[in-house]
Amino acid sequence: MALAQEALWQLDLDRVLFVPTGQAPHKRILDDPGRELRLAMTRLAATDDERFVVSTLEIEREGPSYTYETLEELAQQGDDSLVFVMGADAAVGLESWRNPERVVELAKLAIARRAGISEADVVSVLRSLGAEGRAEMLEMPEFGISSSAARERAKAGRPLRYVVPEQVARFIEEKWVYSR
């Protein structure tokens, strides 16, 4: 949510579209709650800001969800000035994605700095994809928590308050999302 807020502010965006993954082709998360619960948690997290919009494009898609396909669909719907917001940790792995050249062709990249990821490594990947002029680095406040750490806290029954939005914390605790 902090990254979405920073992207809105730093890039002067009108809205941020959250697209929860249907089926991630590259990740096999053992504690994956499933597409419907991911969608529910995303909707809860996005309720506090009318500029945050949740899309079901990938949730409704059969099979693996590839970013370039989602961007193509959004472009076909008339979103012609797309900005794809990602962390530097994801950006350094962009070359391994399905059709990464299409991703950078369809959308400008907004890349959030991450501790332990050098900007030089990000620039190197962008250069290899021909995307040097299509990316901007975002300044981010430093947080000592990651999404995987939040899942681990939930799995261990530790409190999630202030780690994730309050309504998401309640949902995770009530539904035992990561405790199964």
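FYI, side chains are in, hydrogens and waters are out, and symmetry mates aren't considered; it's all heavy atoms of this structure. Heads up: numbering here begins at 1 and tracks the sequence.
With sequence neighbours excluded, no residue satisfies side chain to side chain donor-acceptor pair (under 3.5 Å) with Glu174. Residues satisfying the salt bridge (charged side-chain N to carboxylate O under 4.0 Å, His left out) criterion with Arg127, sequence neighbours excluded, are Glu132. Contacts of Ser118 classified as side chain to side chain contact (heavy atoms under 4.5 Å, CB included), with partners at least two apart in sequence or in another chain: Ala120, Asp121. With sequence neighbours excluded, the residues forming a side chain to side chain donor-acceptor pair (under 3.5 Å) with Arg113 are Glu119, Glu139, listed by chain and number. Applying the salt bridge (charged side-chain N to carboxylate O under 4.0 Å, His left out) rule to Glu73 yields the partners Arg61; only residues at least two apart in sequence or on another chain are considered. For Arg38, the side chain to side chain donor-acceptor pair (under 3.5 Å) test picks out Asp32, with sequence neighbours left out. Residues satisfying the salt bridge (charged side-chain N to carboxylate O under 4.0 Å, His left out) test with Asp49, not counting sequence neighbours, are Arg51. Glu136 meets the side chain to side chain donor-acceptor pair (under 3.5 Å) test with Lys108; sequence neighbours excluded. Partners of Arg153 under the salt bridge (charged side-chain N to carboxylate O under 4.0 Å, His left out) rule, at least two apart in sequence or in another chain, do not exist in this structure.
Among residue pairs with one or both ends in residues 33-62, those qualifying as ring pair (Phe, Tyr, Trp, His ring centres under 6.0 Å) are Phe18-Phe52; sequence neighbours excluded. For residues 5-17, the salt bridge (Lys or Arg N to Asp or Glu O under 4.0 Å) pairs, not counting sequence neighbours, are Arg15-Asp79. Evaluation of the salt bridge (Lys or Arg N to Asp or Glu O under 4.0 Å) test over residues 81-102, restricted to residues two or more places apart or in two chains, returns Glu72-Arg102, Asp89-Arg114, Arg102-Glu105.
Closest heavy-atom contact between Ala88 and Val122: CB-CG2, 3.8 Å. Across all their heavy atoms, Val54 and Leu17 have their closest contact at C-CD1, 4.3 Å. Nearest heavy-atom pair, Thr70 versus Glu58, reported as atom, atom and distance to 0.1 Å: OG1-OE2, 2.6 Å. Among all heavy-atom pairs drawn from Thr67 and Trp97, the shortest one is OG1-CZ3, 3.5 Å. Summarising the geometry of Pro165 relative to Met1, their closest heavy-atom pair is CG-CG, 3.8 Å, with the distance given to 0.1 Å. Heavy-atom minimum distance, Ala169 versus Val164: N-CG2, 3.6 Å.
Under a 3.5 Å cut-off, the side chain of Arg134 and the backbone N or O of Ala107 do form a donor-acceptor pair.
Tyr66 is not listed as a side-chain neighbour of Asn99, based on a closest heavy-atom distance of 4.5 Å or more. The shortest distance between side-chain heavy atoms of Val85 and Val16 does not fall below 4.5 Å. Residues Val163 and Arg158 form no side-chain contact, since every pair of their non-hydrogen atoms from C-beta on lies 4.5 Å or further apart. Contact annotation: the side chain of Leu11 approaches that of Leu138 to within less than 4.5 Å [non-hydrogen atoms, C-beta and beyond].
Dense packing is recorded around CD of Gln77, with more than 12 heavy atoms of other residues, nucleotides or ligands lying under 6.0 Å away.
Interatomic distance, Arg170 CZ to Ile172 CD1, rounded to the nearest 0.5 Å: 11.5 Å. Note: Gln167 CD to Thr47 OG1 = 4.0 Å, rounded to the nearest 0.5 Å. Considering CG of Leu74 and CZ of Phe84, their distance stands at 10.5 Å, rounded to 0.5 Å. For the atom pair CG of Leu3 and CD of Gln10, the computed distance is 9.0 Å after rounding to the nearest 0.5 Å. Taking OG1 from Thr56 and CD from Glu36, the interatomic distance works out to 9.5 Å, rounded to the nearest 0.5 Å. To the nearest 0.5 Å, the span separating OG1 on Thr21 from CG on Leu39 amounts to 11.5 Å.
Grouping the Ile, Leu, Val, Met, Phe, Trp and Tyr side chains by contacts below 4.5 angstrom, directly or via other members, places Leu109 apart from Val123.
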